[in-house]
Amino acid sequence: AQTVTQSQPEMSVQEAETVTLSCTYDTSESDYYLFWYKQPPSRQMILVIRQEAYKQQNATENRFSVNFQKAAKSFSLKISDSQLGDAAMYFCAYRLNYGGATNKLIFGTGTLLAVQP
Amino acid sequence: ETGVTQTPRHLVMGMTNKKSLKCEQHLGHNAMYWYKQSAKKPLELMFVYNFKEQTENNSVPSRFSPECPNSSHLFLHLHTLQPEDSALYLCASSHAGGPGELFFGEGSRLTVL
C-alpha cells in the first residue's frame with residue numbers, strides 16, 4: 001500500500017528566510033502525482049504545487065519549489081523569502097495515476113510551519 | 001458563491017442524535033469526497049462519489065451515511081456517533097481524472113459528547 005511520511009511535525013522560519021519541508025513516500029508504481037497542500041488557520045486547504053512523476057524537472061510556483069528525487073522517493077518543498085502568510089499546516093499527498101475516474105489522494109500527517117517576524 | 005461550501009461549520013451532538021453535514025460545490029466538478037481530519041493523523045478518505053455514484057467506501061462505520069443527489073451536492077448523515085468520531089470533516093471536489101487537484105471546503109468541526 002502507498003504511504004506518505006512527513007517526519008517534521010513542526011517547523012519555524014524567520015520572515016524572508018528559506019525553509020524546506022520534507023516528505024517521503026512509498027510506492028511500487030512508476031506513474032503518479034505528488035502534491036503539496038497548504039491549510040491556513042481558516043482551514044480551507046489549497047493546492048500549493050504539483051509534480052508529475054514522469055517529469056524529471058522539478059516543479060516551481062513563484063516562491064515555492066520542490067526537490068523531487070524519484071529513486072529516493074523523496075518530495076521536499078522549499079519556500080523562499082518566507083512571508084507571514086505562509087504560516088500554515090502543509091500536507092504532502094500522493095495520487096496514483098491509474099486512469100481511473102476519481103482522484104484518491106493519500107496524505108501525510110502534515111507539518112505545521114510558523115513564520116517569525 | 002464560489003468554490004466548495006460546507007455547512008454547518010461547527011456541530012455539537014450527543015451520541016444519540018441524528019444530524020447531517022452538507023457540502024456544495026460551484027466548480028462544475030463531477031467527483032466529490034469526504035475526508036476526516038484528526039489531530040496528528042493523516043487525512044482519512046471516507047467516501048468518493050463520481051457522477052453521483054459511490055466509487056469508494058474506505059471501510060467507514062455504518063453510523064456515517066453519505067448521500068450524493070447530484071454532482072454539486074454531498075451530504076454526510078450522522079447517527080449514534082461515538083466520541084472518537086469528533087474531528088474536522090472536509091469535503092472536496094475535483095474533475096474526474098487528469099492531474100487530480102482537489103478543491104476543499106473549510107470543513108465542519110464535529111464534537112460528539
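Each chain gets a letter, A, B and so on, in the order the sequences are listed, and its residues count up from 1. Computed from heavy atoms alone, side chains included, the values below leave out hydrogens, waters and symmetry copies. As the structure is a prediction and not an experimental result, all values here were calculated from the model.
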- With a 4.5 Å cut-off on heavy-atom pairs, point out which of B:Leu88, B:Leu45, B:Asn58 contacts chain A the most. B:Leu88

- Query: Do the side chains of A:Val19 and A:Leu113 get nearer than 4.5 Å, heavy atoms only?
  - Reply: yes

- Note on the structure: Heaviest contributor of heavy-atom pairs below 4.5 Å to chain A, chosen from B:Gly107, B:Pro42, B:Ala39, is B:Pro42

- Message: Applying side-chain contact (heavy atoms from CB on, under 4.5 Å) to B:Leu76 and B:Met46, what does each step give before you reach the verdict?
- Response: CA-CA 10 Å; B:Leu76 188 62; B:Met46 300 175 71; 4.2 Å; yes

- By a 4.5 Å heavy-atom criterion (distance strictly below it), what part of B:Leu43 contacts chain A: side chain, backbone, both, or neither? both

- Item | A:Gln6 versus chain B, the contacting section by heavy-atom distance below 4.5 Å | neither

- Message: Please tell me whether B:His29 and B:Phe103 form a close aromatic pair, meaning their ring centres lie under 6.0 Å apart.
- Response: yes

- Item | Output field: ring centroids A:Phe107/A:Tyr94 closer than 6.0 Å | no

- Query: With a 4.5 angstrom heavy-atom cut-off, which part of B:Gln6 approaches chain A: side chain, backbone, both or neither?
  - Reply: neither

- Item | Between A:Tyr37 and B:Phe104, ring centroids under 6.0 Å | yes

